[in-house]
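Labels below follow one simple rule: chain letters A, B, ... track the order of the sequence lines, proteins then strands, and each chain is numbered from 1.
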Amino acid sequence: MSINLAQLKLSQQQLAEQVSLVDNFNPTIKLIGGTDVGFEQDGTVTRAAIVTLTYPDFAVVEYHIARLETSFPYIPGYLSFREYPALLNAWQQLKQKPDLLLVDGQGVAHPRRLGIASHLGLLLDMPTIGVAKSKLCGQYEVQPKLAGKVTPLLDKQEQIGWVLQSKNNCNPLFISAGHKISQISALHWVKQCLRGYRLPEPTRWADAIASNKPLFRKFNHAK
DNA sequence: GCGACAG
DNA sequence: ATCTTGTCGC
């Protein structure tokens, strides 16, 4: 396949104009979702996992795994084009849609303000939050690795997200609004989902499911 | 030209 | 992202 990056860049810029940084959802959340994407067989197969958990108890309600042939390479700044097809597939299998979705990757903390969380939020018309394990762009003041520390992630004069120390002695998380949510609410909800681990529960479960980690194995064995 | 660069 | 055991530190 041939890839026209200039075209994709334009597409991102146009879509970014439609992203809403206004809370446009019912803040009384009953279900919260998480996503994670992995790859198999040298990257030829994309595996996307989506989980729905109850809130605030975080009991697993439903999860789905979609396996699709990988159709796009990894290019920094264009991650969503590689991962959203599999995520859409997994989403369509959900019987109960969550009220809010935590997506692994950036929201508007992106060079063109359209990270995968924002892109997916637009495609699904859902409130989303970007929860990334590393930085794509922006600057911030390095903080002591004490749980709870938060500092703004800046690009020039603009705040594009937050750097959150979710747990002691761990690398921080990069939180940003995805779609239909404000920056301050994005930070708020991620904090509400922390239970002593570096990753918020929806992301932690999606990660465990996508990679068949011990947390997920125990869950399967228990039922 | 050089370094940075979600997953 | 993925291939992979033990090991060090809190």
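The closest donor-acceptor contact from the side chain of R113(A) to the backbone of H110(A) lies under 3.5 Å.
Neither side chain, T44(A) nor D42(A), offers a donor N or O lying under 3.5 Å from an acceptor on the other. The closest side-chain donor-acceptor pair between R112(A) and Q13(A), if any, does not fall under 3.5 angstrom. Under 3.5 Å, the side chains of D104(A) and T203(A) contain no donor-acceptor pair of N or O atoms.
Using a 4.0 Å heavy-atom criterion, one finds that D42(A) contacts no nucleic acid atom at all. When heavy atoms are screened at a 4.0 angstrom cut-off, F39(A) is found touching the sugar-phosphate backbone but no base atom. Within the 4.0 angstrom heavy-atom criterion, base atoms lie near I116(A). The residue G43(A) sits apart from the nucleic acid: no heavy atom pair falls under 4.0 Å. Note on N169(A): only backbone sugar-phosphate atoms sit closer than 4.0 angstrom, heavy atoms only; bases stay farther off. Nucleic acid contact for Y78(A): base, since at least one base atom lies under 4.0 Å from a heavy atom of the residue.
Atoms CD (E40(A)) and C1' (dA1(C)) sit 12 Å apart, rounded to a whole Å. Atom-to-atom, CZ of R67(A) to P of dT2(C) comes out at 13 Å; the value is rounded to the nearest Å. Computed from coordinates, the H110(A) NE2 to dA4(B) C1' distance equals 14 Å when rounded to whole Å. Rounded to an integer number of Å, the gap from CD of Q106(A) to P of dG7(B) is 7 Å. Taking atom CD1 of I209(A) as the reference point, atom C1' of dA1(C) lies 18 Å away to the nearest angstrom. Rounded to an integer number of Å, the gap from NZ of K213(A) to C1' of dT4(C) is 13 Å. Note: CG (L153(A)) to C1' (dA6(B)) measures 12 Å, nearest angstrom. Look at CG on D155(A): it is 13 Å from C1' on dA4(B), rounded to the nearest Å.
Of the candidate nucleotides dG7(B), dT2(C), dA6(B), dG7(B) has the atom nearest to the side chain of D36(A). Distance from the side chain of E83(A) is smallest for dG7(B) among the nucleotides dG7(B), dA6(B), dT2(C).
The heavy-atom pair separating G107(A) from S176(A) by the smallest distance is N-OG, 2.8 Å.
Both K133(A) and N168(A) lie near DNA chain C, and the one whose nearest nucleotide falls closer to the 5' end is K133(A).
A cation-pi arrangement is present between R204(A) and Y197(A), with the terminal nitrogen or guanidinium carbon under 6.0 Å from the aromatic centre and inside a 45° cone about the axis.
Taking the six-membered ring for Trp and thresholds of 30 and 60 degrees, F216(A) and F219(A) have nearly parallel ring planes, at less than 30 degrees apart.
Residues from residues 134-150 of chain A with heavy atoms under 4.0 angstrom of DNA chain B, sorted by number: S134(A), K135(A), L136(A).
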